[in-house]
Every structure is written in C-alpha cells, then in structure tokens.
Amino acid sequence: MKSLSELAAIREQMKDKVAIRTGSGDIRVVVGMATCGISAGARPVLNAFVEEVAAANLTDKVMVTQTGCIGICQYEPVVEIFEDGKEKTTYVKMTPEKAKRVVEEHLKGGNPVSEYLIGNTKL
Amino acid sequence: MVRSHVLICGGTGCTSSGSTALREALAAELAANNLSEEIKIVQTGCFGLCALGPIMIVYPEGTFYSRVTKEDIPEIVSEHLLKGRIVDRLVYNKNDDADEDAAAHEMHASLSDTDFYKKQKRVALRNCGVINPEKIDEYIAMDGYFALGKVLTEMSREEVVQTLLDSGLRGRGGAGFPTGLKWKFAMGSEGKKYVCCNADEGDPGAFMDRSVLEGDPHAVLEAMAIAGYAIGADQGYIYVRAEYPIAVNRLEIALEQAREYGLLGENILDTGFNFDIQLRLGAGAFVCGEETALMTSIEGKRGEPRPRPPFPAVKGLFERPTILNNVETYANIPQIILNGPEWFASMGTEKSKGTKVFALGGKITNTGLVEVPMGTTLREIVEEIGGGIPNGKKFKAAQTGGPSGGCIPASLIDTPIDYDNLLEIGSMMGSGGLIVMDEDTCMVDLAKFFLEFTVDESCGKCAPCRIGTVRMLEILNKITEGNGEMEDLDKLEELANYIKSASLCGLGQTAPNPVLSTLRYFRDEYEAHIKEKRCPAGVCKKLLSYNIDPDKCKGCTLCARVCPANAISGTVKNAHVIDPEKCLKCGACIEKCKFGAIYKK
C-alpha cells in the first residue's frame, strides 16, 4: 500500500461490514421469524431486506433483525418497522419483491407503502 | 449476504473457559442449518466480563449471552439465529425490571444497556470485543492506521510531541510520567534510537495489557510507528511475556499483516519513513517490567536493573536513546492524534487526563476489565460497575497497584481515582489491578501475600531489596503466627523506609508499600494479632482454634470420620470435642457438619 487513499478505500469497503456491530440504527426492521413466519417464506424476505438495505447504503441507519411470532400468523410473513419518535409500521404478507419496494419508498424515501400495511390487506 | 454477526470472545479468559470449542460447534451447527452464508462468526478480543465467560454477542441486536456451553449452541442457532427468539436463560441480565414495553423487551439484552458497560468510557479498549484482531481490514474500518497516515503526511515531529504534551497523557504502566515529555527528551538526541513497548505485565491480578494485545494489537503497532516518527527511530521492540501465548500469536499475525500492507517496513505510505518492530519474549520475571531491566533483557543479557540516570531517553537500549511506553499508553495514542489533544484532555481530572483501564478482581460480582474516566470514584467502580460485593458482605478495602501499591480503606471509597490522589492516600495507580476485599480478608495476611511475591521476584542485585524484604517477611510471619511483639511494628516501618530509599530500582523502592499502607489504615488488625493473638478476619491459621458447640452437636460422628488428623473424639449421639494440639485447622470438619455446630474463633 503506497498511499492514504488506498487505506481509505479499504476503510470504505470494510465500514459496512462492521457497521452491524455498532448495534445502533435509528430505524429497526424486524422480520417475524417464528415457525409460522418461516413456513410462509420469511427467510427470503429477511435476506432481501439485508441485501437491499446494504445496496441502498443504509446500513449505518437501518438495522435488520428478526423476532419471534407476532401473533398474527395468518398474515405472515410480517415485517414491522420501528423508527425513533414514530409509531411502528406493520407490513404483512411480505415477499422479497415487496421488501425491495419498502426499502426504496419507506426506508429511503420516508413514505410507507400503504398498500402493504396491515390495515389495507385482506386475507 | 451476511445479516448477523456472532462475536465470540477469544481472549485468554474465555479461551480457558472453552470459547474455541464453542466457535467450532457454532460453525458446524450453522452449516447444518444452512445458515453459514447469512451468519458470520467473528473471533474478538476481551469484552471485559471475564467471570461470565465464554461470552457471545449477537449483532445487530447486540444480545449478550454469558456462560455459553457447547450444548447451548443448537438452541441459540434454531431459536435466535433462525427464528429470532432470544434465548432468555443465557442472557446476561441485571436490568430485568427496566423493560416494560414490548419494544424495549427486545433490546433488554443489549450489551451497552448493562450496568457493567453503561458507566464505562472505552478509549484504549474501544476495539476490544468489537473487531477481529486477526484481520487488519477490520482495524482499518475503525479508522485504524489513519493516525499514522495523518502524522506522516500532515504533522511535523514537533507537532506530534506537542499534541501528546497538550493531551496530558501520562504513562499507564504505573508511575504516571508524562508521555509527551519522554518523547521530547528522546527527540532531542541524535543518531540511532529505539522505540520499545513494555508488555511485561506482571502484577498479580492485572491483565489489561494482555487484553489490548489480544483484542487490538494493531493499535499498539500503529502507536509505536507514530512514536518512531516523532523521536526519529526506525526500530521498535515489544517485550511481551511468553506466558501470553494468545497475545504473542496475535501480535505475530498483526506484524505480518502490517508489513504486507506496507504499514510497517520501508518507505511507509510513500513518505520515506521506515519503521519495523520485533517481538522479544520474556520468561516471566517480574523485575523485567522495570524499564532498565527490560532493556537489558532485550539486549540478551540477564534481566537486572541498573541505576538511573542516565535515563533511557538519553542512554537506553544498546546504549542508545530509547523510549519505553506501556501497552495501554500506546493504545490511547492513535485516538489522541485523530481526535485531538483537547478531546483527550476533556476527560479525567486536572492532572490525570483520559481514561484508565482497571482489572477488577477479588470479592466482586463482576470480575473483569473496565475502562473509566480518571476521577471516577472507587464507589462507582465497585458498586455500580462491579456490581458490589457478593454474598451480602461488606466492603473492607481495595488494593491498587499490585505489589507496589497499597490499599484504599472503606472510609476513602469516595476518593476520585487518579494518579495524585492515590499517591496521597499511600497507594498508587500501578498498572491498574484493582482487588476488592471484604470483611473476610485479613490485612496482615494480604501484606504478607504481596511481600512473598516481591521476595520471590527480587532479582538480588541490591542488598536492601534482596535482604530487606526477606527480613520484613520474617516479621510478618512472626506476627501472623502469634509471636509478634509491639516493637515489631516499629521495626517493620523502619525497615520499610530504608528499603524504599536505598533500593536500586522500582521493584525494591515500592516493595514495602503494601505493608506501609495496611499499617496506616489497619493498624488495629496488626495490634489484634500481636496483643490479643487473634486474627479478626479469621484467616491466619495459627491464631484460629476450631471448636464444637456441644448444644448443637448431635453426635453424628461425621466430623470425626473426615478429620485427617484424628483430632476429633466422641461417641455416637454425644457431643464431640476437637483436640487443639492435633487439629491441623484444615476446615474439613466445618464443611461436613450438617448442624453448623463447628465454629472457628
């Protein structure tokens, strides 16, 4: 390595990879990963969130994690989004494709995708 | 794509409680559950809560699992890593009452919320337990080597030294000499110079340097290169004890990676600056932590001190100007360069800036490593961070500075801890060992313990230390065996003062401190041993007698059967008696008695 800029390049490349360990994040995306969630396809949803958040360069702001059964098994996969100072948002019957749109419009743009919300979904 | 990191402590403490096997078991379980791509295992340095090891932290949640065993792994994987249900029974948790609402409930297990971590301020330990110490890239991600880059490209040598002077950083090895001043002295001289690192941590109970080397070795390498630039040296040595195999191994890996990246070696970052570091393994002699003895040992000779002056900054290693700093001191330096001296000086007290790492041990709930701003009171460290004394016992004193230090009695528990306050009350900072004692500790016995250590470790070069400490120990033995006289206390003090003023090096000059400080604060205990032939804490065996309460004894004969000396006599269903002449005072009978009939006094 012959310059500071090379050092900086390594830092940039690595930063995202260790950011997960700061345990912070103003926004928490919580995917329900109980047996009901997993069988309804929560794992690909979870992975899609992780990938899309990283692709959108949001890893320092958004933390993606899982939780147990939320109690509305018929709506799984369920994803809840917690933001500081705001009411939580609950998305239901999620898919990786929907996850992508939520990252784009809600996490990045700040506008919840209303059609996926629990109040607007019929079984 | 990795969605979760599982950090497993790979420090000496957790390794000895089995973290290596844990790591292997987790890797196998992840593979079996097809999760290897999603979950990354990271081996880190010490988290600090060594008593609760092996320790595991799961991010992004920051869930803090303690005392994890191999058998727990399948549950952690299937419940937490797959389904996101925290395994409550393994969570280290002192704040259960804090989580009331559901959202908080999920976070209650987070590391940073525990009392143990909340009051800490981590500077020297910032990367310990966060990064993988065997990966230079992770250190770089935490701004690693940017301080070196800044120094080499933007700062003159004088500016570097001035920054350290302004920061107020003092040597963390114990004596507290201003680091910047040391560097300034060495900067002034010409010719070949050396940068040395004292990693010969020898105080009983102190392990902060080991943890830094194990958890963040690159911080030390970077700081040494900065020191090399500032004083004009191109060669460094780290003197580390061979009993720290994990630290040595990680240092070797770190050196290799730094050389590969061109951050050590020739023409670093294309600035024309050359610097490389070699390791020297010490064989564990305590005296080799003394600076002149350490350098003599690096030269390949028997590790013995020599008189100062000349000081190392003038004539040190291989008779050349040398600076020698402690591991923890170095670990602070990259942060000072990056954040500025004002940032560092904003922490701490008037004359002691920054933070200090303490190794908490003894009669304390949270044994481990803590880093707090200078000026934190002993009460905060013991009661809040340390979680207090177990079993409802009372705090009696804390010992700081190991065999060179003294004790802080309960009456001074609100003293803000910094270099000068500790000296004033007859102790010293030392390297940061902090041993907590409760009412069951005999202070005469404690002084004896440390004196035995220095008698053992005295190198024998000078008479006051070689002979004087042995004479002091003989007097202490006499007192603890019940043969002491009041004049002995005066003799102890007189001898102590001679040894302090006449010894060649720091080892002898400070060896009497534990005796002097216990005499100062616990003279009544010494007097009880001498006048009443009684050990108030019930520790000194020769002064104890074991007795059986005839009212409580049921005559079960169990005690008579376990007594190795056949000192207990009595018949079935009749009260037994202990023959004090035969009794070895081993305590085996007390452990076996189901009726609490045996007591010592």
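From a predicted model like this one, the values you see are computed outputs, not experimental measurements. Numbered from 1 within each chain, the chains take letters A, B, ... in sequence-line order.
- Heavy-atom neighbours of A/Lys100 NZ from other residues, nucleotides or ligands within 6.0 Å: at or below the threshold of 12.
- Annotation: A/Glu87, atom CD; neighbour count of heavy atoms from other residues, nucleotides and ligands within 6.0 Å does not exceed 12.
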TODO: Might you work through the salt bridge (charged side-chain N to carboxylate O under 4.0 Å, His left out) test for A/Arg43 and B/Glu38, ending with a clear yes or no?
DONE: CA-CA 10 Å; A/Arg43 247 177 98 173; B/Glu38 294 172 33; 3.0 Å; yes

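- Here the closest heavy-atom approach between residue B/Leu82 and residue A/Met33 is recorded as O-CE, 2.8 Å.
- Annotation: side chain of A/Phe49 is not in contact with side chain of B/Arg3 (no heavy-atom distance under 4.5 Å).
- Atom CD of B/Glu266 has 12 or fewer heavy atoms from other residues, nucleotides or ligands within 6.0 Å.
- The candidate with the highest count of non-hydrogen atom pairs below 4.5 Å against chain B, out of A/Ile38, A/Leu4, A/Val53, A/Val64, is A/Leu4.
- Heavy atoms closer than 4.5 Å to chain A are found in the side chain of B/Val42, but not in its backbone.
- Panel note: side chain A/Gln66, backbone B/Leu81; a donor-acceptor pair is recorded below 3.5 Å.
- To the nearest 0.5 Å, atom NE2 of residue B/His80 and atom OG1 of residue A/Thr65 are 6.0 Å apart.
- Of the two parts of A/Ala8, the backbone and the side chain both hold a non-hydrogen atom closer than 4.5 Å to a non-hydrogen atom of chain B.
- Heavy atoms from other residues, nucleotides or ligands lying under 6.0 Å from CD of B/Glu256 number 12 at most.
- A distance of 5.5 Å separates CD1 in A/Ile10 from CG in B/Asp137, rounded to the nearest 0.5 Å.
- Note that CZ of A/Arg11 is 3.5 Å distant from CZ of B/Phe146, once rounded to the nearest 0.5 Å.
- Going from atom CG of A/Asn47 over to atom CD of B/Glu37 covers 10.0 Å, rounded to the nearest 0.5 Å.
- Interatomic distance, CG of B/Asp270 versus OG of A/Ser3, reported as 8.0 Å (0.5 Å rounding).
- Highest contact tally toward chain A, considering only B/Thr271, B/Val130, B/Ile136, B/Ile268, is held by B/Val130 [criterion: heavy-atom pairs under 4.5 Å].
- Heavy-atom contacts from other residues, nucleotides or ligands closer than 6.0 Å to NZ of B/Lys40 number more than 12.
- A/Leu7 places a side-chain heavy atom less than 4.5 Å from the side chain of B/Leu263.
- Taking a cutoff of 4.0 Å between a charged side-chain nitrogen and a carboxylate oxygen, B/Asp143 and A/Lys15 qualify as a salt bridge.
- Taking every heavy atom of both residues into account, B/Glu61 and A/Met63 meet most closely at CA-CE, 3.7 Å.
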